[in-house]
Amino acid sequence: MLDIKLIRNEPERVREALRRRGEHAESALDKLLELDRSRREVLVEVEDKRSLRNAVSEQIAQAKKAKEDASDKIAAMRQVGEEIKQLDARLKEIEAALEEELLQVPNLPEPSAPAGGEEDSVVMHHWGEPRKFSFTPLDHLEIAEKHDLIDMERGARTSGSRFAYLKGDLVFLQFALVQFALQKLASKGFRPAIVPVLVRDEAMYGTGFFPTDLQQVYHIEADGLNLVGTSEVPLAALHMDEILDEGDLPVRYVGYSTCFRREAGAAGKDTRGIFRVHQFDKVEMFSFCAPEKSPEEHDFMRSIEEEILQELGLPYRAVNIAAGDLGAPAAKKYDLEAWLPSQERYREVTSCSNCTDYQARRLKVRAKGEKGGPYLLHTLNGTVVAVGRTIIAIMENYQTEDGLIEVPAALRPFLPTRTTVLGI
RNA sequence: GGAGGGGUGGCGGAGUCUGGUUGAUCGCACCGGUCUUGAAAACCGGCAGGCCGCAAGGUCUCGCGGGUUCGAAUCCCGCCCCCUCCGCCA
């Protein structure tokens with residue numbers, strides 16, 4: 001959520017920034033400014049009346065104490081009370097409308113995020129050379145089928161399309177990746193957390209997924225809960241309504257959870273294998289940091305993601321995502337895309353976003369200390385390992401002609417000593 | 001699921017029965033100062049947030065939302081959460 005004061009004081013700056021996202025913000029901003037104006041108007045009026053009532057109520061108390069008659073004052077205040085009630089109702093209406101509008105405005109992109117849509121994203125750099133195969137490389141599903149490692153048919157029978165069973169050595173590979181990721185992040189000061197995957201609407205709104213991405217989320221009607229699409233949600237909500245001690249910043253977590261996405265609107269896209277499924281596991285990093293430190297923290301997160309892909313020996317490229325392709329809460333985003341031999345292109349495996357104070361304002365996560373305060377923090381999130389997609393990249397990049405997978409050395413300490421298809 | 005108890009400032013804990021200058025007594029923690037070679041102790045001062053406002057100031061918040069009342073932390077209703085006991089259970 002944006003600061004209404006910013007919109008009030010610098011509407012042109014907001015308008016310009018939203019244009020870089022390709023948003024047609026004109027009518028929404030005008031409406032916001034109008035609602036803000038009438039809100040303050042009614043607020044002053046109702047507060048004046050309250051002030052009067054408070055003062056006279058005190059006089060009534062004094063009069064009663066002195067055994068004097070105060071019935072005329074009581075009658076007058078009864079009238080004032082009615083007026084307050086009516087003004088209050090109007091104020092609430094205005095505030096609800098203002099809130100509703102404000103919730104729909106996405107974060108302002110950082111100047112360093114390229115303007116425009118998906119095609120305007122900028123490739124920053126590459127790492128590693130795509131491997132030259134002496135045979136025709138298979139895609140991850142073909143490799144999996146040789147050893148019965150991924151079962152899409154039975155997944156579909158049990159749960160529908162885009163659900164899979166992961167079997168055999170891939171299960172060990174999954175936990176090796178998770179363990180590898182958790183240990184690395186813990187060594188860098190991220191506190192491991194296993195988070196609730198069912199959250200209240202509050203957490204979804206607070207992180208900016210609602211109302212924008214309502215249709216992407218599995219909703220449990222009976223309990224009013226939502227299945228999270230990323231542990232970013234419960235991690236961000238972890239310090240909701242709290243004022244942190246400035247000396248503890250940055251506060252960093254690494255979360256592990258299953259993620260659930262409806263993938264509405266993705267029909268026909270990436271239908272093969274486990275690249276895009278309704279349920280997957282992910283290790284995610286999250287940081288609450290001082291506002292002036294967030295660009296630095298963002299680069300730090302990207303460097304961790306790069307370090308991991310490098311240790312896994314997966315060729316990738318880093319992309320600075322264009323403003324129009326950012327999620328609503330993000331001001332800037334980097335994606336890392338790993339090379340997939342079967343598709344002969346780079347595909348997203350990690351993503352990290354600087355959400356500046358957008359989530360913190362909604363969630364009321366603040367800090368105070370020498371700089372004073374309380375002031376809003378900045379929040380950042382990043383993929384450490386999206387397990388499914390990383391497994392795909394490892395399978396495809398490390399496949400051998402006879403259908404084995406020669407897992408990267410970095411993972412071997414976390415794998416069983418003997419496996420049938422992992423080449424160890 | 002059944003029965004009870006409870007949610008007050010960073011923490012502890014008053015106030016709720018008997019509504020009235022109580023956004024809230026007190027203690028601890030914390031910050032600043034005096035004293036001290038330094039520290040501790042003692043003493044003095046400060047110390048929850050939101051909103052409106054240039055400011056002065058006003059207003060709201062005692063889990064959340066409604067109601068009663070001239071006036072609600074205090075009374076009434078609904079919801080959320082926590083704790084104890086019983087039942088069930090990975």
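- Listed by first and then second residue, the salt bridge (charged side-chain N to carboxylate O under 4.0 Å, His left out) pairs that reach into residues 286-309 of chain A are A:Lys184-A:Glu307, A:Lys188-A:Glu307, A:Arg252-A:Glu297, A:Glu292-A:Lys371, A:Asp299-A:Arg302, A:Arg302-A:Glu306, sequence neighbours excluded.
- Across B:A24 and B:G78, the matching C1' atoms stand 27 Å from one another, rounded to whole Å.
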Under-3.5 Å N/O pairs linking protein and nucleotides 78-82 of chain B:
residue	atom	partner	partner atom	Å
B:C80	O3'	A:Arg200	NH2	3.2
B:C81	OP1	A:Arg200	NH2	3.3

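- Listed for the A:Ser342 side chain is no donor-acceptor partner under 3.5 Å among the backbone atoms of A:Leu138.
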Short N/O separations, protein against nucleotides 73-75 of chain B, under 3.5 angstrom:
none

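- For the P atom pair drawn from B:U74 and B:G4, the interatomic distance equals 23 Å after rounding to whole Å.
- B:G9 sits 27 Å from B:C76 when the C1' atoms are compared, rounded to a whole Å.
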Pairs under 3.5 angstrom only: tabulate donor-acceptor contacts from the side chains of residues 377-387 of chain A to other protein residues two or more places apart or in another chain.
residue	atom	partner	partner atom	Å
A:His378	ND1	A:Pro291	O	3.3
A:His378	ND1	A:Ser294	OG	2.8
A:Thr379	OG1	A:Gln359	OE1	2.7
A:Asn381	ND2	A:Glu232	OE2	3.3
A:Thr383	OG1	A:Ser351	N	3.2
A:Thr383	OG1	A:Ser351	O	3.3

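- Comparing the C1' positions of B:C77 and B:G32 gives a spacing of 48 Å, expressed to the nearest Å.
- B:C26 and B:A14 are spaced 7 Å apart, taking the C1' atom of each and rounding to whole Å.
- Here, B:A55 and B:U69 have their C1' atoms 36 Å apart, quoted to the whole Å.
- Distance, A:Met77 CE to B:G71 P: 10 Å, rounded to whole Å.
- If you take CD of A:Glu202 and C1' of B:C64, they are 10 Å apart, rounded to a whole angstrom.
- The aromatic ring centres of A:Phe286 and A:Tyr253 sit 6.0 Å or more apart.
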Q: For nucleotides 45-58 of chain B, just jot down a letter per nucleotide in 5' to 3' order: B, S or -, based on protein non-hydrogen atoms under 4.0 Å.
A: ---SSSSSS----B
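- Under the 3.5 Å distance criterion, the side-chain polar atoms of A:Asn226 are matched with a main-chain donor or acceptor of A:Val199.
- In this structure, A:Glu68 atom CD and B:C70 atom C1' are separated by 16 Å, rounded to whole Å.
- Atom name C1', nucleotides B:U84 and B:G10: the rounded distance is 27 Å, in whole Å.
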Report, one line per pair, each donor and acceptor closer than 3.5 Å where one atom sits in a side chain of residues 88-103 of chain A; sequence neighbours left out.
residue	atom	partner	partner atom	Å
A:Asp88	OD2	A:Arg50	NH2	2.6
A:Glu95	OE2	A:Arg39	NE	2.9
A:Glu101	OE2	A:Lys31	NZ	3.3

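- For A:Arg361, the side chain to side chain contact (heavy atoms under 4.5 Å, CB included) partners two or more places apart in sequence, or in a different chain, are A:Met1, A:Asp3, A:Asp357, A:Leu376.
- B:C30 atom P lies 12 Å from atom CG of A:Asp245, rounded to whole Å.
- In summary, the side chains of A:Tyr256 and A:Glu284 do not present any donor paired with an acceptor at a separation below 3.5 Å, with no hydrogens or angles considered.
- Checking side-chain atoms of A:Gln279 against main-chain N and O of A:Phe260 turns up no donor-acceptor pair under 3.5 Å.
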Q: Could you summarise the pairing of RNA chain B as dot-bracket text, marking Watson-Crick and G-U pairs under 3.5 Å with ( ) or [ ] inside the strand and | across strands?
A: ((((((((.[[[..)....(.....]]].(((((.......))))).(((((....))))).[[[[[..)....]]]]])))))))....
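- In this structure, A:Asp88 atom CG and B:G65 atom P are separated by 12 Å, rounded to whole Å.
- Partners of A:Glu47 by salt bridge (Lys or Arg N to Asp or Glu O under 4.0 Å), not counting sequence neighbours: none found.
- In terms of modelled atom types and a separation under 3.5 Å, the side chain of A:Arg412 and the main chain of A:Val407 share a donor-acceptor contact.
- We find that CG of A:Leu52 is positioned 12 Å from P of B:G71, with the value rounded to whole Å.
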Q: Would you mind building the protein contact string for nucleotides 16-23 of chain B? One character per nucleotide, 5' to 3', B for base within reach (heavy atoms under 4.0 Å), S for sugar-phosphate only, - for untouched.
A: ----BB--
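- A:Asp325 contributes no side-chain N or O that, together with a main-chain N or O of A:Glu118, makes up a donor-acceptor pair within less than 3.5 Å.
- A side-chain donor from one of A:Thr356 and A:Asn107 sits under 3.5 Å from a side-chain acceptor of the other.
- Residue A:Lys85 contributes atom NZ, which lies 12 Å from atom P of B:G66 at whole-angstrom precision.
- For the residue pair A:Lys282/A:Thr230, the side-chain donor-acceptor check at 3.5 Å is satisfied.
- For residues 268-281 of chain A, every residue pair satisfying the salt bridge (charged side-chain N to carboxylate O under 4.0 Å, His left out) rule, not counting sequence neighbours, is listed here: A:Asp139-A:Arg272, A:Glu263-A:Arg276, A:Asp270-A:Arg276, A:Asp270-A:Arg347.
- Residues passing the salt bridge (Lys or Arg N to Asp or Glu O under 4.0 Å) test with A:Glu348, sequence neighbours excluded: none.
- One C1' atom belongs to B:G19, the other to B:G1, and the distance between them is 38 Å to the nearest Å.
- Rounded to whole angstrom, the span from the CD1 atom of A:Ile84 across to the C1' atom of B:G71 amounts to 11 Å.
- Aromatic ring orientation, A:Phe163 versus A:His278: tilted (interplanar angle from 30° to 60°).
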